[in-house]
Structure formats: structure tokens, C-alpha cells
Amino acid sequence: MQTNFSAAQLADPHVAESEKILRKCVHCGFCTATCPTYVTLGNELDSPRGRIYLIKDMLENGRPADTEIVTHIDRCLSCLACMTTCPSGVNYMHLVDHARAHIEQTYRRPLLDRLTRAMLAFVLPYPGRFRAALKLAQLGRPLIGLLEKLPTLKPLAAMLKLAPSSTPPASPIASPGVHAGQGTKRGRVAILTGCAQSVLDPAINEAAVSLLTRLGVEVVVPEGEGCCGALVHHMGREDQALASARQNVDAWTRAIDQGGLDTIIITASGCGTTIKDYGFMLRLDPAYAEKAARVSAVAKDITEYLAALDLPEPVRKPGTIVAYHSACSMQHGQKITRQPKELLAKAGFVVREPREGHLCGSAGTYNILQPDISAKLRDRKVKNIEATGAEIVATGNIGCITQIASAAKLPVVHTIKLLDWAYGGPKPDGVSENSLGGAE
Ligand code: SF4
Ligand code: SF4
């Protein structure tokens with residue numbers, strides 16, 4: 001694509017990066033076929049190609065964002081299906097991240113939208129605040145019907161609907177410390193405790209630590225880790241996202257310097273995509289660029305790490321039919337497609353893949369901020385999952401677990417919980433013995 005940026009515009013490294021990306025796009029439109037919002041809404045401006053044109057126009061003309069561009073960029077899930085499909089290697093992720101930051105700096109949203117976003121950014125990244133908010137949400141549940149009738153308050157209704165009816169207690173696993181590996185030492189890793197996942201389902205990291213330590217891997221929970229920054233990054237709040245990234249880079253760098261780390265393990269694929277991008281996000285910060293690149297280079301999803309270990313034979317032989325839902329951040333953001341399915345199959349599960357696996361509707365805060373599109377995509381996803389005839393749904397991202405579980409009749413669990421169980425760990429909560437069926 002031809003671009004017309006001035007030399008002065010290109011002196012801004014963010015604009016220069018976006019210009020490089022824009023020049024790669026050849027307008028072929030292949031990406032439209034796999035874009036969930038284009039498939040749902042049928043509007044070219046809600047396709048990757050349409051959004052690329054809008055972003056180009058805004059940046060080239062040095063214009064503040066307007067309502068039209070905000071509408072179409074807000075509807076983008078950042079699922080990155082378009083990047084997987086694009087034959088020209090267009091880095092849509094970095095382009096849309098730049099556009100979102102530009103929107104945040106130049107556009108004044110309506111009051112309720114501003115308040116909703118400010119509240120999400122204030123609450124979600126902090127486990128203590130999020131836990132308190134979930135308790136309040138339980139009290140607010142009777143208001144869902146009323147809030148849903150008022151278009152501007154739909155995000156609040158979506159939030160209340162997604163909030164679980166009870167919150168599990170905080171896990172001791174989330175506290176800083178070292179969990180020794182059993183038997184011969186096979187590695188030393190850090191695990192991201194994160195934010196929302198540690199509140200909604202602390203048993204995910206418990207399963208990861210339990211399985212890793214049984215396999216002989218020492219697991220460190222470093223002092224000072226926190227939210228990866230993805231949730232605010234996708235809202236264009238760059239300063240807050242970069243502050244989170246720096247905090248984690250510092251925590252992991254200390255752990256690397258103190259005892260060495262083979263890997264930083266992540267059990268939420270949305271976080272993994274962002275942490276693997278820290279090197280890019282902090283490339284312009286001389287104090288952090290090198291450290292951030294080092295952190296990104298050793299970050300791995302739990303399934304990526306386990307697939308590279310020589311796993312023993314599983315303790316149980318379940319034979320359970322599992323529908324594997326590959327989160328967009330897993331399959332497109334990190335290009336991890338094979339490992340989770342192979343691990344489940346090796347552990348004795350019968351793995352089935354739902355049709356239209358590229359269509360997703362959860363996407364961080366998207367399910368709150370764009371509840372109508374998100375619900376349509378969720379219902380389509382759930383129909384495809386149920387058509388597999390599976391007894392359980394497995395996936396590697398807490399956002400997908402929460403969203404799919406809100407509509408599916410099947411239990412929805414993190415992949416690591418099924419693996420931990422098959423290799424001798426406890427039965428995942430909410431899954432009956434019947435549906436697991438595994439013989440000892
Ligand atoms: S990131 Fe997803 S929703 Fe956004 S343009 Fe690409 S395919 Fe469409
Ligand atoms: S597939 Fe790639 S090159 Fe083609 S229009 Fe989409 S982003 Fe541009």
C-alpha cells in the first residue's frame with residue numbers, strides 16, 4: 001500500500017513503525033474471510049482491511065480520532081485471526097495497538113464510556129480490588145434485566161452477568177516463594193500469578209505448579225509480579241500497560257539474576273501474547289529494552305513448556321471426549337496450535353476441534369465493552385462446541401473459560417487442570433467423575 005507520511009511524521013518512531021506495517025498491505029482482502037466482526041456484521045469497515053484504511057487515513061493526516069474510527073476500532077477484538085490469514089505478513093497487532101493509543105490520546109469518549117473504561121482499568125488488574133468488585137457484583141445481579149434495557153448501561157449488565165455467583169478464596173500459590181521440584185531437578189521456572197485469573201480460578205495455577213513440581217521442575221513465584229498489562233493495553237492506556245510491563249520485567253530480571261530461570265510460565269494465553277511482546281513494547285526505553293527482550297524470549301505458555309518435557313505415562317486413562325477451544329491469543333497471538341491437543345491426546349483424552357475455530361468473542365474486556373457482538377460470537381462458538389459431542393471443554397485462557405461457561409451446558413476447564421488430573425492430580429472442580437470417567 002502506498003503511503004504519504006511526511007519526514008516530520010516519520011520522525012515519530014510509532015508512526016514510522018505503523019508506516020512500515022501499512023506498506024506491507026496489498027489490499028487483497030483475504031483477511032476479511034476470517035475476521036469475526038466482518039463475518040458477523042458484514043461491513044467492510046469492520047474488517048481488517050477496512051480498519052487498516054481508517055488507521056492509515058487518521059495517521060497520515062495527523063488527525064485526532066473521530067467517532068467513526070473509534071466505533072470500528074472498538075469493535076475489533078484484537079483476536080489477530082487476520083494476521084494468521086494475511087499472506088503479506090501485515091503486523092495488524094502493532095498497528096491496531098498504535099491506533100488504540102492514538103484514540104486514547106486524542107478522542108474524548110462519552111461520559112459513561114469513560115467511566116466504564118476507567119473503572120475496568122482501576123479494578124481488573126488488581127486482584128484485591130477485583131475480588132471486592134465481584135462481591136459487589138453478586139449484590140447487583142437483580143439489576144441485570146433493568147440495565148440491559150438501557151443501551152449505554154449494557155456494559156454494566158454484561159459485567160454482572162459474567163461475574164461468578166461465588167469467588168474462591170485466594171490461593172497460597174499466588175504468594176511469592178519457591179516450590180521445590182520432586183526427584184531429579186529438570187528445570188527452574190517462574191510462573192505468572194497475574195490478576196483476574198488468580199481471582200476467578202486460582203486452581204489453574206495450583207494445577208500448573210502441582211504438575212510441574214511432580215515432574216521435577218522448581219517453580220518460583222517472584223516478589224513484585226503483577227498484571228501483565230494486556231487488559232489496559234487493549235484499551236489504549238499505554239502508560240499503565242508499560243508500567244505493568246516494567247514492574248514484571250524487574251521482578252523476573254531479579255529472579256533470573258538470583259537463581260536463573262529457564263522459562264517464565266504463563267497459564268493465560270492472553271497474557272502470554274502480551275508478555276512475548278514486551279520486547280517490542282519497551283523497545284524505545286533504553287533502561288528496559290534489553291531486559292524486556294530477554295523476558296519475552298523466555299516466556300512460554302504452560303503447554304509449550306510441557307510439550308518440550310519428556311512426560312511419563314499418565315496415571316489415569318480417561319478416554320473422555322474433550323472439545324479443545326483454541327483461544328485467539330493462543331492460536332493467532334502465539335501460534336500455539338499443536339501442543340495443547342497433543343498433550344491432551346497423550347494424556348488419554350479424545351480431542352475434538354469445534355468448527356469455525358477462528359471465531360472468538362471474549363477478548364479481554366471486549367465481552368463487557370461490546371456485549372452484543374460478543375454474545376453473538378459466543379453463541380456461535382457454543383453451538384459449534386456442543387456439536388462435537390464432547391463431554392468437557394478445554395481451553396487455555398481464563399477469558400474464554402468465563403465466557404463459554406456462561407452459555408455452555410458442558411463443564412469448561414483449563415487444559416492444565418485436565419493434564420494435572422490425568423498425571424495424578426486432583427479432579428478439576430465442577431467436573432463430575434462421570435464426565436471424566438478415568439480409571440486409576
Ligand atoms: S484482530 Fe480480529 S476482529 Fe480485529 S480486524 Fe483482525 S480478525 Fe478482525
Ligand atoms: S490479507 Fe493482509 S495484505 Fe491482504 S488486505 Fe488483509 S492485511 Fe492487507
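We count ligands from 1, going down the list as the structure has it; atoms in each ligand are counted the same way. Counting from 1, the numbers follow the sequence of the chain as shown. Quantities reported herein were computed from a predicted structural model and do not represent experimental measurements.
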[X] (side chain) donor-acceptor with [Y] (main chain) under 3.5 angstrom:
{"X": "K346", "Y": "L311", "value": "yes"}
{"X": "D420", "Y": "A208", "value": "no"}
{"X": "S374", "Y": "P371", "value": "no"}

If you measure from each heavy atom of G89 to ligand 2, is any distance below 4.0 Å?
no

Nearest protein heavy atom with distance in Å, relative to [atom]:
{"atom": "atom 7 (S) of ligand 2", "result": "I52 CD1, 3.6 Å"}
{"atom": "atom 8 (Fe) of ligand 1", "result": "C35 SG, 2.4 Å"}
{"atom": "atom 3 (S) of ligand 2", "result": "V26 N, 3.3 Å"}
{"atom": "atom 2 (Fe) of ligand 2", "result": "C86 SG, 2.3 Å"}
{"atom": "atom 4 (Fe) of ligand 1", "result": "C76 SG, 2.3 Å"}

Enumerated ligand 1 atoms positioned under 4.0 Å from heavy atoms of [X]:
{"X": "L77", "result": "3 (S), 4 (Fe)"}
{"X": "S78", "result": "1 (S), 4 (Fe)"}
{"X": "L80", "result": "1 (S), 2 (Fe)"}
{"X": "R51", "result": "3 (S), 4 (Fe), 5 (S), 8 (Fe)"}

Is the [atom1] atom of [X] crowded by more than 12 outside heavy atoms at less than 6.0 Å?
{"X": "E290", "atom1": "CD", "answer": "no"}
{"X": "D429", "atom1": "CG", "answer": "no"}
{"X": "K335", "atom1": "NZ", "answer": "yes"}
{"X": "E223", "atom1": "CD", "answer": "no"}

Is it the side chain, the backbone, both or neither of Y38 that has a heavy atom closer than 4.0 Å to ligand 1?
neither

Closest non-hydrogen atoms of D46 and H72, given as atom of the first, atom of the second and distance, are OD1-ND1, 2.8 Å

Please give me the minimum heavy-atom distance between L359 and P36, naming the atom from each residue.
CD2-CA, 3.7 Å

Classify the contact between H27 and ligand 2 as side chain, backbone, both or neither, using a heavy-atom distance cut-off of under 4.0 Å.
backbone

Atom indices of ligand 2, in the order listed, that fall short of 4.0 Å to a heavy atom of [X]:
{"X": "P87", "result": "1 (S)"}
{"X": "C28", "result": "1 (S), 3 (S), 4 (Fe), 5 (S)"}
{"X": "S88", "result": "3 (S)"}
{"X": "G29", "result": "4 (Fe), 5 (S)"}

Nearest non-hydrogen atom to atom 6 (Fe) of ligand 1 belongs to which of P36, S47, C82, C328?
C82

Under 2.8 Å from atom 6 (Fe) of ligand 2, is there an N/O/S atom belonging to C31?
yes

Less than 4.0 Å between a side-chain N and a carboxylate O, is that true for K276 and E304?
yes

Face-on cation placement of K291 at Y288 ring, 6.0 Å and 45° thresholds
yes

